[in-house]
Amino acid sequence: MGLIFISDFHDAFAAWLFAYIHSGGAEFGEIAAVGRAVGEGDDGAFCAAFTDAGERMAAEARTALAGGHRASARQLFLHAAAFHSVAYRPLFGAPIDSRLLAAYRAQIAAFDRA
């Protein structure tokens, strides 16, 4: 059993987000909430939970941007990009999983918006 996730495999990928805590890219509680959402789930559940979190953050960023809060929007888009970047990690392999490509494209889109 990992630190946050039941799967040590998932825990290792999610732990990458700890490196972003100091710069505002993730918060421990957010990572833990994703861990609870995944529960005993598989790689697909891991990808879906991180993708959902990233999409929520991107939606908040778009709202901030629409309100003229550019600095907040930038931070939220970077936050979303970090979560999307973790979402697809367990899906690497052949053939290429379409969820991997979707999560990667969401990561790049959020980063580009930032």
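As the structure is a computational prediction, the values presented were derived from the model and not from experiment.
For Q107, the side chain to side chain donor-acceptor pair (under 3.5 Å) partners at least two apart in sequence or on another chain are Y88. Checked against side chain to side chain donor-acceptor pair (under 3.5 Å), E55 has the following partners two or more places apart in sequence or in another chain: H84.
Applying the 6.0 Å contact sphere to CD1 of I21 captures more than 12 heavy atoms from other residues, nucleotides or ligands. More than 12 heavy atoms of other shown residues, nucleotides or ligands fall within 6.0 angstrom of atom CZ in F13.
Not a single donor-acceptor pair under 3.5 Å links the side chain of T51 to the backbone N or O of A48. Although no hydrogens or angles enter the test, the distance criterion places a donor-acceptor pair under 3.5 Å between the side chain of D11 and the main chain of F5.
The list of salt bridge (charged side-chain N to carboxylate O under 4.0 Å, His left out) pairs with a residue in residues 58-82, not counting sequence neighbours, is empty. Applying the salt bridge (charged side-chain N to carboxylate O under 4.0 Å, His left out) rule to pairs touching residues 16-41 yields nothing, sequence neighbours excluded. For residues 75-103, every residue pair satisfying the salt bridge (charged side-chain N to carboxylate O under 4.0 Å, His left out) rule, not counting sequence neighbours, is listed here: D97-R99.
Here L3 contributes atom CG and F18 contributes atom CZ; the two are 5.0 Å apart, rounded to the nearest 0.5 Å. Note that CG of L100 and SG of C47 are 7.5 Å apart. Values are rounded to the nearest 0.5 Å. Atoms NE2 and CG, from H79 and L17 in turn, are 8.5 Å apart once rounded to the nearest 0.5 Å. In this structure, the separation between NE2 on H10 and CD1 on I4 is 13.5 Å, given to the nearest 0.5 Å.
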Determine, stepwise, if the pair V86 / Y20 fulfils side-chain contact (heavy atoms from CB on, under 4.5 Å). CA-CA 12 Å; V86 172; Y20 302 125; 5.8 Å; no
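F83 and L76 are members of different hydrophobic clusters when ILVMFWY side chains are connected at heavy-atom separations under 4.5 Å. Clustering ILVMFWY residues whenever any of their side-chain heavy atoms sit less than 4.5 angstrom apart, transitively, puts I108 in a cluster other than the one holding F77. Under the 4.5 Å side-chain heavy-atom criterion for ILVMFWY residues, a single connected hydrophobic cluster contains both M57 and F50. Cluster annotation: L91 and F9 are assigned to distinct hydrophobic clusters (Ile/Leu/Val/Met/Phe/Trp/Tyr, side-chain heavy-atom contacts under 4.5 Å, transitive).
In plain terms, the two heavy atoms of A49 and A37 that are nearest each other are CB-CB, 4.1 Å. Between A73 and A61, the closest heavy-atom pair is CB-O, 3.4 Å. In plain terms, the two heavy atoms of P90 and D43 that are nearest each other are O-OD2, 3.5 Å. Residues V38 and A45 come closest through the heavy atom pair CG2-O, 3.8 Å. The minimum heavy-atom distance linking A80 with G54 is given by the pair CB-O, 3.3 Å.
In this structure, L78 shares a hydrophobic cluster with F111, the cluster being traced through Ile, Leu, Val, Met, Phe, Trp and Tyr side chains under 4.5 angstrom apart.
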